[in-house]
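Okay, structure first, notes after.
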Amino acid sequence: MRTFECTLPEGWFRLSGESTVETRGNGVLPVVRHMLRLDEDLSDFYVVAKSDPDLAWATRGAGRMLRSPTVFEDVVKTICTTNCTWSATVRMVSALVEHLGIGAFPSPQAMAEVDESFYRDVARAGYRGAYLRSLALSVADGAIDLEKLNDPALSDEEVAARLLALPGVGPYATAHVMMLVGHYGCLILDSWTRPKYARLRRRKMVPDATIERRFRRYGRYAGLAFWLYLTRDWVEEAGPPL
DNA sequence: CGTCCAGGTCTAC
DNA sequence: GGTAGACCTGGACGC
């Protein structure tokens with residue numbers, strides 16, 4: 001029987017390969033609920049999407065960004081997407097899980113306990129190693145509490161500032177993680193989203209300002225609208241094939 | 001085999 | 001405050 005384990009803000013849970021569940025604390029359901037964002041109220045977004053032919057399909061219930069059990073995990077994974085191919089991201093994250101996790105994503109403590117050589121020689125994270133280790137150390141010793149970023153009371157500016165202050169987290173990573181912690185105002189503009197948007201519009205390229213203008217009507221959901229526009233073809237029945 | 005660059009970020013002007 | 005250059009890695013190219 002394989003066991004999957006993951007540290008959580010509320011405690012911990014354990015899932016077996018046979019789907020039997022052992023829990024302590026609040027149990028596994030709140031975690032799944034959290035990951036699937038089941039409590040999110042997107043009705044304000046749907047009001048605008050309903051009148052947008054390109055996004056009306058989303059009002060069926062799309063828009064719940066899947067997140068990791070912890071913000072820490074999402075930040076680490078996001079750093080591992082920067083300036084490299086997706087296969088490299090998978091390689092780095094897999095190494096963290098395989099060598100530092102117990103069949104699951106490692107805790108900040110586990111990531112803080114290994115030295116630079118692990119990140120360099122095993123995870124092959126390159127210059128990101130210093131960022132990851134520094135982040136893990138700060139979270140492990142309590143200097144940084146990333147889980148507080150899920151607090152809906154925080155303003156966009158506050159969340160953005162805290163993320164930008166993290167090692168290895170710049171504008172792209174900030175916009176990405178903000179989406180995952182429920183702040184949908186910023187568009188994720190990067191080397192994947194820009195060309196993809198241009199392709200969907202059947203243009204060679206589209207200036208950022210033009211993209212921003214197109215989703216301006218969505219206000220605090222502009223980033224979510226942009227993301228759904230780009231990933232429509234990920235939802236089989238919804239979109240026209242490219 | 002060398003160059004480029006991928007879901008960028010940081011530092012130094 | 002805006003902008004080049006450097007930066008690990010490794011897969012995809014051109015020669």
Side-chain angles (χ1 to χ4, degrees), chain A residues 62-63 65-68 71-100 105 111 114-139 143-144 146 149 157 159-201 203-212 214-215 222-235 239 242:
Chain A
M65 304 290 290
L66 175 66
R67 57 184 159 184
S68 300
V71 178
F72 172 72
E73 181 173 338
D74 278 330
V75 170
V76 168
K77 286 174 173 171
T78 301
I79 290 174
C80 290
T81 67
T82 59
N83 199 26
C84 66
T85 57
W86 184 252
S87 64
T89 299
V90 173
R91 192 180 61 252
M92 288 183 263
V93 174
S94 296
L96 294 176
V97 171
E98 183 180 340
H99 296 276
L100 304 181
F105 197 83
M111 283 183 62
V114 290
D115 60 18
E116 316 89 54
S117 64
F118 170 82
Y119 293 97
R120 182 183 64 238
D121 305 329
V122 181
R124 318 259 342 137
Y127 66 87
R128 298 171 203 77
Y131 299 149
L132 298 177
R133 185 153 185 279
S134 168
L135 179 70
L137 283 167
S138 296
V139 174
I144 295 176
L146 294 179
L149 293 178
E157 295 71 21
V159 176
R162 292 193 197 182
L163 287 170
L164 276 172
L166 301 175
V169 176
Y172 151 79
T174 293
H176 192 102
V177 175
M178 282 186 75
M179 290 273 286
L180 297 180
V181 293
H183 292 258
Y184 308 110
C186 299
L187 276 59
I188 300 174
L189 294 163
D190 58 36
S191 65
W192 181 77
T193 60
R194 288 190 180 96
K196 172 95 193 216
Y197 183 77
R199 188 151 47 96
L200 289 170
R201 298 306 303 268
R203 297 281 188 282
K204 189 184 293 181
M205 64 156 290
V206 180
D208 288 355
T210 304
I211 305 177
E212 300 269 9
R214 195 256 174 262
F215 294 98
L224 184 62
F226 179 48
W227 186 254
L228 290 174
Y229 183 91
L230 296 177
T231 59
R232 181 177 182 175
D233 62 314
W234 292 6
V235 187
L242 284 182

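To find a chain, count down the sequence lines: A is the first, B the second, and so on, and within it residues start at 1.
- Taking atom P in both dG5(C) and dC4(B), one finds a spacing of 14 Å when rounded to whole Å.
- Note: CE (Met65(A)) to P (dG7(B)) measures 17 Å, nearest angstrom.
- For dC4(B), the paired nucleotide is dG11(C), the pair qualifying as Watson-Crick or G-U wobble because both relevant distances are below 3.5 Å.
- Between dA6(C) and dT3(B), the distance separating the two P atoms is 14 Å to the nearest Å.
- The side chain of Pro171(A) has dT9(B) as its nearest neighbour among dG10(C), dG8(B), dT9(B).
- The nearest whole Å value for the distance from the CH2 atom in Trp86(A) to the C1' atom in dC5(B) is 18 Å.
- Residues Val169(A) and Tyr131(A) fail the side-chain proximity criterion, which asks for heavy atoms closer than 4.5 Å.
- In this structure, the CE atom of Met92(A) is 8 Å from the C1' atom of dT9(C), given to the nearest Å.
- Using a 4.0 Å heavy-atom distance criterion, Thr82(A) is classed as a sugar-phosphate-only contact.
- Rounded to whole Å, the separation between the C1' atoms of dC10(B) and dG1(C) comes to 16 Å.
- Across all their heavy atoms, Cys186(A) and Met179(A) have their closest contact at O-SD, 4.2 Å.
- In plain terms, the two heavy atoms of Leu200(A) and Leu230(A) that are nearest each other are CD1-CA, 3.9 Å.
- When Thr78(A), Leu163(A), Val75(A) are each tested for a side-chain contact (heavy atoms from CB on, under 4.5 Å) with Thr174(A), only one passes: Leu163(A).
- Distance noted for atom C1' between dT9(B) and dG11(C): 22 Å (whole Å).
- Applying side-chain contact (heavy atoms from CB on, under 4.5 Å) to Thr193(A) and the options Phe226(A), Tyr172(A), Tyr229(A) leaves one that passes, Phe226(A).
- Note: CG (Asp121(A)) to C1' (dT9(C)) measures 13 Å, nearest angstrom.
- Only the C1' atoms considered, dA6(B) is 13 Å distant from dC8(C), to the nearest whole Å.
- Atoms CG (Leu189(A)) and P (dA6(B)) sit 15 Å apart, rounded to a whole Å.
- Taking only side-chain nitrogens and oxygens, Ser191(A) comes nearer than 4.0 Å to OP1 or OP2 of dG8(B).
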Between the protein and nucleotides 6-8 of chain C, list every N/O to N/O distance that falls short of 3.5 Å.
unit_1, atom_1, unit_2, atom_2, d
dC8(C), O4', Tyr127(A), N, 3.2
dC8(C), O2, Arg128(A), NH1, 2.9
dC8(C), N3, Arg128(A), NH2, 3.3
dC8(C), N4, Asn83(A), O, 3.4
dC8(C), N4, Asn83(A), ND2, 3.0

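- Nucleotide dA12(B) forms a pair with dT3(C), judged by Watson-Crick or G-U wobble geometry with both contacts under 3.5 Å.
- Rounded to a whole angstrom, the distance from the P atom of dC5(B) to that of dC15(C) is 14 Å.
- Classification of the Trp192(A)-Trp234(A) ring pair by plane angle, with boundaries at 30° and 60°, yields tilted.
- Between the C1' atom of dG7(B) and the CD1 atom of Ile211(A) lies a distance of 14 Å, rounded to the nearest Å.
- Contact annotation: the side chain of Lys196(A) approaches that of Asp233(A) to within less than 4.5 Å [non-hydrogen atoms, C-beta and beyond].
- In this structure, NZ of Lys196(A) is placed 12 Å from C1' of dG7(B), rounded to the nearest angstrom.
- Distance, Leu135(A) CG to dT9(B) P: 14 Å, rounded to whole Å.
- A salt bridge links Arg194(A) to Asp208(A): one of the charged nitrogens lies within less than 4.0 Å of a carboxylate oxygen.
- Across all strands shown, Thr81(A) has heavy atoms under 4.0 Å from sugar-phosphate atoms exclusively, and none from any base.
- Backbone-only contact: Leu166(A) has heavy atoms under 4.0 Å from sugar-phosphate atoms and none from a base.
- For the pair Thr85(A) and Ala173(A), both in contact range of DNA chain B, the more 5′-proximal nearest nucleotide belongs to Thr85(A).
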